[in-house]
Amino acid sequence: MRELEKTYDPSLVEDKIYKLWEKGEYFTGVIDPDKKPFTIVIPPPNVTGQLHLGHAFDNTLQDILIRFKRMQGYAALWVPGTDHAGIATQIKVEEELRNNEGLTRYDLGREAFLERVWAWKHTYGSRIVEQLKKLGTSCDWSRERFTMDEGCSKAVREVFVNLYEKGLIYKGLRIINWCPNCTTALSDAEVEHEERESLLYHLCYPVLGSLDTLVVATTRPETMLGDTAVAVNPKDKRYKHLIGKTAVLPLVGRELPIIADDYVDSEFGTGCVKITPMHDPNDFDIGQRHNLEQVLVIDDNAKIINSGKYNGLDRYDARKEVLRDLEELDLLVKTEEHKLNIGTCHRCSTVVEPVASKQWFVSMKPLTVEAIRVVEDNTIRFVPERFSKIYTHWMENVRDWCISRQLWWGHQIPAWYCSCGHVTVSRTDPDKCGKCGSADIKRDEDVLDTWFSSALWPFSTLGWPDKTEDLEYFYPTDVLVTGYDIIFFWVARMIFSGMEFMKQAPFHTVFMHGMIRDSQGRVMSKSLGNGVDPIEIIDKYGADALRFYIVTGNSPGNDMRFYPERCEAMRNFANKIWNASRYVMMNLGEMRQRDGSLPLELEDKWILSKLNRLAGEVSDNIDKYELGVAAAKIYDFIWDDFCDWYIELTKPRLTNLQITNSNSEHVDDTAQQVLVRVLTDFLTLLHPFMPFITEEIYQALYSGRTAFAPAIMTRAYPKFDEALNFPIEEAKFESVKAAIHAVRSRRSEMNVPPSKKSALIIVTDEPDIFEAGESYIARLAYASTVTVTSKPPADISGFVTAVTNDARLFMPLSELVDVAKERERIEKEISKAKADIEKLEQKLANAAFTAKAPEQVVNTEREKLSRQSALLSNLEASLEEL
RNA sequence: GGGAGCUUAGCUCAGCUGGGAGAGCACAUGCCUUACAAGCAUGGGGUCACUGGUUCAAGCCCAGUAGUUCCCACCA
């Protein structure tokens, strides 16, 4: 046993303890046929990222679950790893390249640039891992993976080729979201929508060979440069006569067929729509249906092309120019205000350009069938449940997934083009065309969406496509813990990938959490500069305090506001535990081995019973993912029950503290044993939540004792044990507590300082429980002497009284007694008791209640009534004697 | 246009399958009672947004209203 410092200093403890765990290899997932596996895969953070509070939140939850299951005896495995984060990482390296050397990636060329990215990865890739360790995460680092390591890349390749062979991956010309800043295609999920005030412009298009004109409405006049038709609804009488005729595109002069299509809503705008097949998804479809000409007028950098004098203009400058020119020609008929939903790049917030482009797609419909089924039939359960609806709705309406990105950092698409037109897609790099045999083949330059590899994470990290023992034993994983912001990006894609390739759901539970916001409820972001660095919090308050703060006061799926200074309360809690442990240890003396059981006092049974019930409830709560509730219960037990009561109760029993009682050699073995037992058990219960301090104290208590587990994290998680259930004793002790509380309250009301002790006479029908507690009652109720009796003193005047339902308490503090005031007070309490009794009697007199309410509820009400009645008679007795 | 969440003490939030409203912080009063002032004791403070319904019983379930936040959506 080692002595502890007076205050807890996490900075002296945490790194040391983490090393102890790593040295003991306690995080290692061990395949054990006699155990049930429990697996979590980490949501892989960006390899070059830094830990933010969102990670802290996410990983704290995972660590609590995995430690809990590990202690319950599961073969627990938490697979860690990082994500190559295509765009994010590439942008960072490009930025550095530009700032330091004034170069672009094209200056370096693909190969040299990728070398730079790998170098960057090697420099910064371990940072996030080290930061996760500071949080205390018990990941199996020996199994750490990276989305671009050999195994994951092999999985990606296999999946791509396999889906291609099944016809579920194809390359085609489709409208995609193009970010002109990132210069790459994006998937629908990567586009954010925001509503903006905009204008709806009405443009006039003349009809060829006629005086008629058509007025079309558009929010994006610059796209008119790419118009190849005008469409009206076939039923629209206003325009029926023009269908089949030709309009002339102003400024450009292109002849536009006037076509009829049901897509056009006659009610909206003018009922006439300009059709720009290459720059609008609907127009693209119409273009397909009517076989329209396709004119691309906006390039990769959002500059105008194929449009004569407008060429080279930025899209917004082009808008101004076009409008000015139209106005000059008197063809801008009207401008009205209009709310517009605009798509922006989720990475850089640039307005994305819908543009037709040849890209690779995953054909989604066939993959959604099983992905929807497993959620609907509860094979996969979302916690909280409401997220399953969001998931299902998305899955039911999802469009094909654009997976090619015009980037270099990522998994290069395994497709080779031959001049013969054939595309060779292969698991191994081919040296010749799969059709004509020509060696002159060229690989697709694009890489895959980062989420393509993340989608395989639950099985690629376990070795798939190889049939590994890990995959066999640990797959499917159990719980996926993540924020609701990546349900579509990641969760949905893991589910359909798991179903397609493993024929098994990748996890049975998706445990969702919310976002961490700043103190004003705003999302934390770099641009706002309102981010809080968890590492700073850990340095200041300790990882345990951060973890505990995050997990309490928050319920599944809900956002939380973060106030750094509120970690202080949790640091104080850690310190409280620390000092409670010091108290236990300084009173332990030699820990003697005992034969047989010790006689337990009432208060011992009380605390053991409460602890025992706590153990049962905590496990239940964690099983139901109510981590905050579990944590709060442990907090209350430790602070209120153990520290504020039980420790105080043991003080008179332990000679070390009984300075006045010098002749006593007696050490209460029972108190010692119960203290250390309760301490050890609640530390164990708390360990998943506050791993560092609990381990440190455990080590201080038990290190070198071979009879005990080498680390608290290897102990079995406490369970409910019927042998330690003492409900009657619990209730009895609550009576004692109530009496002590009543005395303190009365003294406080009358401003009697604790130093002024007085005799205390307890009048009760249950003398045993009070007599047994005389010594601590004296201490806690500031009494000089305690007398337990069944009869009140003959002359009651001059006593301060306090009343509970099973005790009347008398303190001779005559100088403080004001009979009139006392009478008033008691009368007030009497009327309150009477009111309570009346309510209870009414309730119990209600036949519907006694008939329909469960017996237990009725009994509780009866008990309440009898307690209130007892209280009332005690109060009345006191009043009478006054 | 569809969908979801939230509204509980001064602040931030819990409240699990309906059975007498809780925590932290803040506030007030008194305490250095040798584990802990990062503490102890005592206390004040709530029309559980509003309206109606179901029920013996509603903060909790149902319907609606208001405010608020978010997600989804190819009406120019």
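Values below: all heavy atoms of this structure, side chains included; hydrogens, waters and symmetry mates excluded.
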Integer angstrom distance from the P of B/G5 to that of B/C48: 22 Å
Item to complete: Please evaluate the base of B/C36 for a donor-acceptor partner in the side chain of A/Lys576 within a cut-off of under 3.5 Å?
Response: yes
Among B/C11, B/C16, B/G20, the one nearest any side-chain atom of A/Lys839 is B/G20
Would you classify A/Tyr635 as touching base, sugar-phosphate or nothing, given that sugar-phosphate means primed atoms plus P, OP1 and OP2, and contacts are heavy atoms under 4.0 Å? sugar-phosphate
Note to self: Hydrogens and angles aside, do A/Glu863 and A/Thr860 bring a side-chain donor and acceptor to less than 3.5 Å of each other?
What the structure shows: no
**Item:** Separation between the C1' atoms of B/U68 and B/U8, rounded to whole Å
**Value:** 16 Å
Distance, C1' atom - from B/G1 to B/C60, rounded to whole angstrom: 32 Å
Indicate, with a heavy-atom threshold strictly under 4.0 Å, whether A/Glu648 touches base, sugar-phosphate, or nothing. base
Taking the C1' atom in each of B/G44 and B/U17, what is the distance between them to the nearest angstrom? 35 Å
Re B/A49: Watson-Crick or G-U wobble partner, both distances kept under 3.5 Å, found to be B/U65
(Q) Does A/Glu195, at its CD atom, have more than 12 non-hydrogen atoms belonging to other residues, nucleotides or ligands within less than 6.0 Å? (A) yes
_Need one value for A/Arg220: base, sugar-phosphate or nothing, where a base atom within 4.0 Å counts as base even if backbone is also close, heavy atoms only._
nothing
In whole angstroms, the gap separating C1' of B/U12 from CG of A/Asn554 amounts to 12 Å
Legend entry - Any side-chain heavy-atom pair of A/Arg547 and A/Val551 under 4.5 Å: no
- How would you label the contact of A/Ile647 with the nucleic acid (heavy atoms, under 4.0 Å): base, sugar-phosphate, or nothing? base
**Message:** Classify A/Asp265 by what it touches in the nucleic acid, base, sugar-phosphate, or nothing, heavy-atom distance under 4.0 Å.
**Reply:** base
What's the verdict on side chain to side chain contact (heavy atoms under 4.5 Å, CB included) for A/Lys576 and A/Tyr8, showing C-alpha distance, side-chain angles and the deciding distance? CA-CA 9 Å; A/Lys576 187 78 182 172; A/Tyr8 175 58; over 6 Å; no
Hey, does A/Trp639 reach any base, or is it just sugar-phosphate, or nothing, if we go heavy atoms under 4.0 Å?
sugar-phosphate
The Watson-Crick or G-U wobble partner of B/A58, with both key distances under 3.5 Å, is none
(message) Can you tell me if A/Arg561 touches the phosphate of B/C13, counting only side-chain N or O atoms and a distance under 4.0 Å to OP1 or OP2?
(response) yes
**Asked** Once the angle between the rings of A/Tyr635 and A/Phe548 is folded into 0 to 90°, is it parallel (under 30°), tilted (30 to 60°) or perpendicular (over 60°)?
**Response** parallel
- [ ] Quick one: do A/Val584 and A/Phe642 satisfy side chain to side chain contact (heavy atoms under 4.5 Å, CB included)? Show the steps, please.
- [x] CA-CA 11 Å; A/Val584 174; A/Phe642 186 71; 4.1 Å; yes
Scan nucleotides 54-56 of chain B against the protein and return all N/O pairs shorter than 3.5 Å with their distances rounded to 0.1 Å.
residue	atom	partner	partner atom	Å
B/C56	OP1	A/Lys852	NZ	2.1
B/C56	O2'	A/Asn846	ND2	3.2

- Pairwise C1' distance for B/A58 and B/G52, with rounding to whole Å: 13 Å
Taken to the nearest whole Å, NZ/A/Lys6 to P/B/U34 is 11 Å
Side-chain atoms of A/Tyr263 come closest, of B/G20, B/C25, B/C75, to B/C75
Exercise for review: Look at all strands and tell whether A/Ala632 reaches a base, only sugar-phosphate, or nothing, counting heavy atoms closer than 4.0 Å.
Suggested key: nothing
Legend entry - Phosphate contact (B/U42 OP1 or OP2) by A/His741 side-chain N/O below 4.0 Å: yes
Partner of B/G18 under the Watson-Crick or G-U wobble criteria, both distances under 3.5 Å, comes out as none
A/Arg196 and A/Val351 have their tightest heavy-atom pair at NH1-CG2, 3.9 Å
| message | Classify A/Phe573 by what it touches in the nucleic acid, base, sugar-phosphate, or nothing, heavy-atom distance under 4.0 Å. | response | nothing
Whole-Å distance, A/Ile487 CD1 to B/G5 P, equals 13 Å
Rounded to whole Å, the CE-C1' distance (A/Met560 to B/G24) equals 11 Å
Q. With a 3.5 Å cut-off and no angle check, do the side chains of A/Tyr263 and A/Asp285 form a donor-acceptor pair?
A. no
Any strand, both distances under 3.5 Å, Watson-Crick or G-U wobble: B/A37 pairs with none
Here the distance between atom P of B/C75 and atom NE2 of A/His338, to the nearest Å, is 10 Å
Rounded to whole Å, CD of A/Glu336 lies from P of B/A76 at a distance of 12 Å
From CG of A/Asn341 across to P of B/C72 the rounded distance in Å is 11 Å
Considering only the P atoms, how many Å lie between B/U12 and B/G53, rounded to the nearest integer? 33 Å
Query raised in the report: With a 4.0 Å cut-off on heavy atoms, is A/Val264 in touch with a base, just the backbone sugar-phosphate, or nothing at all?
Result: base
Inset, instruction - Determine the interatomic distance between C1' on B/U55 and the same-named atom on B/G59; round to the nearest Å. - result: 16 Å
**Rounded distance in Å between the P positions of B/A9 and B/G22** = 14 Å
query = Taking OP1 and OP2 of B/A38, is either one under 4.0 Å from a side-chain nitrogen or oxygen of A/Arg571?
reply = no
Taken to the nearest whole Å, CD/A/Glu194 to P/B/C71 is 11 Å
As its Watson-Crick or G-U partner within any shown strand, both distances under 3.5 Å, B/C32 has none
Closest heavy-atom pair, A/Ile577 versus A/Ile697, reported as atoms and distance to 0.1 Å, is CG2-CD1, 3.7 Å
What contact category does A/Arg744 fall into here, base, sugar-phosphate, or nothing, at under 4.0 angstrom with non-hydrogen atoms? sugar-phosphate
message = Check the phosphate of B/A23 against A/Thr552, side-chain N and O only, distance under 4.0 Å to OP1 or OP2. Yes or no?
response = no
Practice problem: Measure distances between side-chain N and O atoms of A/Arg386 and base N and O atoms of B/A4, and say whether any donor-acceptor pair falls under 3.5 Å. | Solution: no
Is A/Lys756 near enough to B/G30 that one of its side-chain N or O atoms lies under 4.0 angstrom from OP1 or OP2?
no
*So what does A/Tyr563 hit on the nucleic acid, given a heavy-atom distance under 4.0 Å: a base, only sugar-phosphate, or nothing?*
sugar-phosphate
Does a side-chain N or O of A/Asn558 approach OP1 or OP2 of B/A14 to a distance below 4.0 Å, or not?
yes
*If you look at every strand shown and take non-hydrogen atoms under 4.0 Å, does A/Ile275 touch a base, only sugar-phosphate, or nothing?*
nothing
The reported gap from CZ in A/Arg571 to OH in A/Tyr549 (rounded to nearest 0.5 angstrom) is 14.5 Å
Using Watson-Crick geometry (N1-N3 plus N6-O4 or O6-N4) or G-U wobble (N1-O2, O6-N3), each under 3.5 Å, B/G1 is paired with B/C72
Item to check | A/Asn579 (side chain) and B/A38 (base): donor-acceptor pair under 3.5 Å | outcome: no
So A/Gln672 and A/Arg653, do their side chains get closer than 4.5 Å, heavy atoms only? no
- Message: So, does A/Ser555 get its side chain near the phosphate of B/A14, meaning an N or O under 4.0 Å from OP1 or OP2?
- Response: yes
If pairing means Watson-Crick or G-U wobble with both distances under 3.5 Å, then the partner of B/C25 is B/G10
- Within the structure shown, what part of the strands sits under 4.0 Å from A/Gly271 by heavy-atom distance: base, sugar-phosphate, or nothing? base
field: Parallel, tilted or perpendicular: rings of A/Phe573 and A/Trp639 (30°, 60°)
entry: parallel
